[in-house]
Amino acid sequence: MNSDSTAPDPTTSEPAPSKGAGQDEEANYLLAARREKLAALEEKGMAPFAYHFERTHPSSRAAELFQEAEAQESLNEKGHGDTVRVAGRIVSWRSHGKSAFAHIEDGYGRIQLYFRLNVLGEEDFSALDLLDLGDWIGVEGPLFRTRTGEITVQATSWTMLSKSLRPLPFGKEETDPDSGERVVHSGFSDTQSRYRQRYADLAVHPEVREVFRLRSRIVRSLRDFLDARDYLEVETPILQPIYGGAAAEPFVTHHNALDTRLYLRIADELYLKRLIVGGFERVYEVGKDFRNEGIDRSHNPEFTMLEFYQAFADYEEMMDLVEEMLVTVAENAVGSRRIQYQRTEIDLSPPFQRVSFVEALNRGLGRDLHQMTDPELAVTLKELRGDDPRIDEMGRGRLLDKLFGALVEESLVAPTFVVDYPVVLSPLAKLHRDDPRVTERFELFVAGRELANAFSELNDPLDQRERFLSQMQLREAGEDETHPVDDDYIRAMEYGMPPTGGVGIGVDRLVMLLADQPSIRDVILFPTLRPEEGRQG
RNA sequence: GAGCCGGUAGCUCAGCUGGUAGAGCAACGGACUUUUAAUCCGUAGGUCCUGGGUUCGAUCCCCAGCCGGCUCACCA
């Protein structure tokens, strides 16, 4: 190439280099080529980073416009329709010497562009050499159909909107003529890079963008559903002096001015119920919870939880509400109550199956758990999970919970309410009105995963204190994930809390289900990852 | 935390029983005025994850480490 002194030196002007950016130095020849084009654009007086572009039509709208013109037979003698101004990122380029085809992509789809020397003139046409995949351009020209039938903008002029200085990892794609499916060749598939550089993942994968559009529709639909039922959306603290509402390990932080320890919330529950005490009959919150635990395909350290509480309702009523909510959201967001999750058909039509925790577990065990001693349960669990010494430390509640996880959960593919959980597992739920050994609680399972958790909320402050204390005893006996005592919460309840039904729904998991995504990381834009090497904290 | 698999060009991947590397796409130069995985000719591009070891010689074998994926454990 040339050694133009105005060309920026890529080794010194590369932004924010870090130790972890070593690969960029290796790729310098690719970055350098784009820097040179950038300099060449400037030399021609073409601003590589524009301020504005007057777009007349999004890509999809432009295509519709042409089809309308065809239907009205209003094309001119050249077969041209209206002139449009479209803008987008160049995602493919086919140069033919004195003509060139490209596709640009905008927020609404793709449209093909056609450039010809004799239309653009020598100067504008030759400047096309300075374009790269990834550049943003604006184009003006009439719509027409190519010989192969694709609606295309014939560029009479084009404008640089933003020069891409770093190649996006575009794959080549084709449409299989038989199946009509899009086949991507050698795309961008390294999982870690895709999550770490989600911007690049989104830029080259329209289907990934679609997942997050769907996520947005789902969340909006959840809100609409509750708003329509006179629920009040509220915001409660994420930084809390005492964490609670679930059995989980919290993140711990410190507030300097108050010189006090704070926890990131693990659930919204206790604050929302304080609001029920305060006199709001129906409240909900959708927000992030944080749990300092492992990461796998269904767990991210921060995740989105929807919790809603309704005065005067019990868990039966909340079950009906959850059924209606799921079917409504599915129909609003994906257009059907029958969905496919990882090749399994799932019908979300109410009513869902209902089975009691004990009944389901007995079925899994093949015997009656009430006839089994703790050591017998422990032996059974060891047979399933291997001889883990921690099993000997577990109390009965924990054992039952683990056995349920091992024997039952996976089989709950069709939507199923598991109801009436053992008291030890449910310190915030009311005792069952007919059976004091269990609580009025349900969990909803779909596709073998827990999606919702709900109870007739415990509103007896004396009972609540007892439950907290027995959790404390469990902790002293060695169980780590027990619920801490929250005196302020009890104080609130002492003022008087109406009977209340409450539900928590894991929003990420709901999105996984409806978007047919196998990993929670595929429905979180920026999932938690180990920090990149070389970054300063 | 454990097991399995992996880390080779910007991206996606080959690389045999050890002889210091290849393809496609992307890039660069050239041809081509309705293509669409455009095509054709040519060029350049590599700390084979890191550090030790074995060997005349290591991308390959051994050890340790780092990072990732999957499965399991934990948790929603």
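None of these values were measured; they are calculated from a predicted model. Note on naming: letters A, B, ... go to the chains in the order of the sequence lines (proteins, then strands), and numbering restarts at 1 for each one.
- Under the side-chain hydrogen bond (donor to acceptor under 3.5 Å, both in side chains) test applied with A:S92, the options A:E105, A:Q112, A:H103 reduce to a single match, A:H103.
- Ring to ring, A:F455 and A:Y315 are not that close: their centroids are 6.0 angstrom or more apart.
- Remark: A:R521 is in phosphate contact with B:G69, judged by side-chain N or O atoms under 4.0 Å from OP1 or OP2.
- Comparing B:A26 with B:C67, their P atoms sit 35 Å apart, to the nearest whole Å.
- In this structure, A:L131 and A:S298 both approach RNA chain B, and ranking their closest nucleotides by distance from the 5' end singles out A:L131.
- Remark: A:K98 is not in phosphate contact with B:A31, judged by side-chain N or O atoms under 4.0 Å from OP1 or OP2.
- OP1 or OP2 of B:U35 lies within a sub-4.0 Å distance of a side-chain N or O belonging to A:R147.
- Summary of the strand contacts: A:R297 and A:Q154 both lie near RNA chain B, and taking for each the nucleotide with the nearest heavy atom, the more 5' one is attributed to A:Q154.
- For the P atom pair drawn from B:G57 and B:G18, the interatomic distance equals 16 Å after rounding to whole Å.
- Remark: B:C16 base-pairs with no nucleotide in the shown strands. Criterion, Watson-Crick or G-U wobble with two distances under 3.5 Å.
- Rounded to a whole angstrom, the distance from the C1' atom of B:U59 to that of B:G15 is 9 Å.
- In this structure A:D401 satisfies the side-chain contact (heavy atoms from CB on, under 4.5 Å) test together with A:L425, sequence neighbours excluded.
- The main-chain N or O of A:S164 is found under 3.5 Å from a side-chain atom of A:D135 such that the two form a donor-acceptor pair.
- Whole-Å rounding puts the A:R35 CZ to B:A27 P distance at 17 Å.
- Counting distance only, with no hydrogens placed and no angle test, the side-chain atoms of A:D190 and the base atoms of B:C11 include no donor-acceptor pair under 3.5 Å.
- Across the P atoms, B:A21 and B:C49 are found 14 Å apart, a figure rounded to whole Å.
- The partner of B:C25 is B:G10, judged by Watson-Crick or G-U wobble contacts that both fall below 3.5 Å.
- Judged by distance alone, with hydrogens and angles left aside, A:Q112 brings a side-chain donor or acceptor within reach of the base of B:U35, the pair sitting under 3.5 Å.
- Listed by residue number, A:R116, A:N118 are the residues of residues 115-130 of chain A with a heavy-atom contact under 4.0 Å to RNA chain B.
- Residue A:S189 has a polar side-chain atom (N or O) positioned under 4.0 Å from OP1 or OP2 of B:U12.
- When both pairing distances are held under 3.5 Å, B:G3 makes a Watson-Crick or G-U pair with B:C70.
- No N or O donor and acceptor, one from the side chain of A:S99 and one from the base of B:U34, sit under 3.5 Å apart.
- Pair assignment for B:A31: B:U39, on the basis of Watson-Crick or G-U wobble contacts that are both within less than 3.5 Å.
- Close placement of the A:W93 and A:F115 rings is indicated, their centers lying within 6.0 Å of each other.
- If you take atom C1' in B:A38 and the same atom in B:U50, they sit 43 Å apart, rounded to whole Å.
- Taking a pair to require two hydrogen-bonding distances under 3.5 Å in either a Watson-Crick or a G-U wobble arrangement, B:G51 pairs with B:C63.
- Between the CG atom of A:L30 and the P atom of B:C11 there is a distance of 10 Å, rounded to whole Å.
- For A:R441 and A:Y421, the positive end sits near the middle of the six-membered ring, less than 6.0 Å away and at most 45° from its axis.
- Between A:I295 and A:R521, some side-chain heavy-atom pair lies under the 4.5 Å cut-off.
- Ring-centre distance between A:F404 and A:F357: below the 6.0 Å cut-off.
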